[in-house]
Amino acid sequence: MIKKITVFFLGLMLLLPFHGLAASDSKVTVDMHYIVVSPAEDGSTNMMNMVNYSNTSGEEYKGSGQGEAVLNVSIPKGAKDLNFLDNKIAFKEVDKGFITTTPVPANQTMVLPYSYRMPKGEEINITADYSVQMMQILVPEGMGSIEVKGIEATSQGLFKFDDQNYFGYSIEGIKANQTFTMVYNKDVQPPSDTTAKSQNASENANNSSVTHTAPAFHNPGHLRMWAQSPLHRFNPHVFLIIIGAILIAGISYYAYFRRKARLEEERLGADKEEKAFKQLMAKQKAILDKIIELEETFGDGKLSENDYHAKLAAYKQHLVQVKLNLRNYVE
């Protein structure tokens, strides 16, 4: 299940606008941070994270130069059972979380998947080590709900993935070192009514700052990506239909020309075989003519008996080889 969610998250990450990162002064920013929240068997809270760190500079990022850390990752106080899920990236646990020691290539992205558990019923204080363009918190349907304090959040409603429904919550524009609080309650499910409810967390820090509901089919990140793209003046659905038509036409043309090339190859092959057959027939006739000419020369007394038998044996041997080759075409 974790592998399928990981692939799903990575696919969504590829759809995000990379140019939005350029506004940050830091060489490393987080364009997406996914958290899947679910209850553990012992009553604690599972927190599975998938974080997309992007190096916006043209040079390999090896950290701030202070110590061996390349990326610093803080986890909430009280977290336990930290599990780093990518053995290709070197990491070390520290007091407040962990660090990575693998450099981030220039203008590329490093994805860190990790998980930990939080004690049951406790508030979870999350601190962003770097600026975060968007954070999405997902809770499987029927496994509770979350309440966000100290920052504005957006409910994305219910959506389905791999036969499992999730309630999504989105937080945008988190600043570096900014902290907010998340409260998870596995016994309280989100309301079925998904009508828009505006509410700013700064006005009422004790209540949830979930503000409004986005359509379940369209992810807000995808809508923003389309609005910022050069194609935003086109209707996205019509654009997809056109792209689909182009793909179908391309596949059809490829199949047509591939078949045409195969038929041409078969025709050329048949022509080569016919040409080879005609050459063998001509060679056989020439040998027979030589044998007749040899017999006439020997009959006129112009050739000794030994030379006659030697040349006749050579012609017959050559004739046998030609007939064997002809047999491949007539049998």
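The chain is numbered in sequence order, starting from 1.
Rounding to the nearest 0.5 angstrom, the gap separating the CD1 atom in I292 from the OG1 atom in T297 is 11.5 Å. Residue K311 holds its NZ atom at 9.5 Å from CD of E293, rounded to the nearest 0.5 Å. With rounding to the nearest 0.5 Å, the separation of OH in Y116 from CZ in F84 is 14.0 Å. In this structure, CD1 in I171 is found 8.5 Å from CE in M182, a value given to the nearest 0.5 Å. Here the CE-CG distance, from M118 to D81, works out to 11.5 Å after rounding to the nearest 0.5 Å. For the atom pair CG of L294 and CD1 of I287, the computed distance is 13.0 Å after rounding to the nearest 0.5 Å.
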Mind running side-chain contact (heavy atoms from CB on, under 4.5 Å) on I35 and Q136 for me, showing each step along the way? CA-CA 6 Å; I35 305 177; Q136 289 192 337; over 6 Å; no

Evaluate the criterion side chain to side chain donor-acceptor pair (under 3.5 Å) for residue pair T179 and N125; output intermediate values, then yes/no. CA-CA 7 Å; T179 299; N125 296 315; over 6 Å; no

Criterion ring pair (Phe, Tyr, Trp, His ring centres under 6.0 Å) on Y114 and F98, from CA distance to verdict: CA-CA 10 Å; Y114 59 93; F98 65 91; 5.1 Å; yes

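In terms of hydrophobic clustering, with Ile, Leu, Val, Met, Phe, Trp and Tyr side chains grouped at heavy-atom distances under 4.5 Å, I75 and V183 are assigned to different clusters.
Between the S54 side chain and the T56 main chain, no donor and acceptor come within less than 3.5 Å of each other. At least one donor-acceptor pair closer than 3.5 Å links the side chain of T100 to the backbone N or O of L71. Looking at T101, its side chain never comes within 3.5 Å of a backbone N or O of F91 through a donor-acceptor pair.
Using a 4.5 Å heavy-atom cutoff, the side chains of M47 and T45 are in contact. Between E147 and N185 the shortest side-chain heavy-atom distance does not fall below 4.5 Å. Looking at F167 and L138, their side chains never come closer than 4.5 Å, going by heavy atoms from C-beta outward. Proximity of N55 to N107: side-chain heavy atoms (C-beta onward) are nowhere separated by under 4.5 Å. Here the side chains of V73 and I99 are not in contact, with every heavy-atom distance at 4.5 Å or above. In this structure, D42 and R117 have side chains that are in contact, with non-hydrogen atoms separated by less than 4.5 Å. By the 4.5 Å heavy-atom criterion applied to side chains, E172 and M135 are not counted as neighbours. Side-chain contact between N46 and V37: absent, with no pair of heavy atoms (C-beta onward) separated by less than 4.5 Å.
For the residue pair T127 and S74, no side-chain donor N or O sits within less than 3.5 Å of a side-chain acceptor on the partner. Residues S304 and N306 bring no donor and acceptor atom of their side chains to less than 3.5 Å of each other. Between the side chains of N49 and H33, at least one donor N or O lies within less than 3.5 Å of an accepting N or O. A donor atom on one side chain and an acceptor atom on the other are found under 3.5 Å apart for N52 and D31. The closest side-chain donor-acceptor pair between S131 and T29, if any, does not fall under 3.5 angstrom.
Using a 4.0 Å cut-off between a side-chain N of Lys or Arg and a carboxylate O of Asp or Glu, K302 and E296 do not qualify as a salt bridge. Note on E122 versus K120: no salt bridge recorded, every NZ/NE/NH1/NH2 to OD/OE distance being 4.0 Å or above. Ion pairing between a basic and an acidic side chain is recognised when a charged N comes within 4.0 Å of a carboxylate O; K285 and D289 show such pairing.
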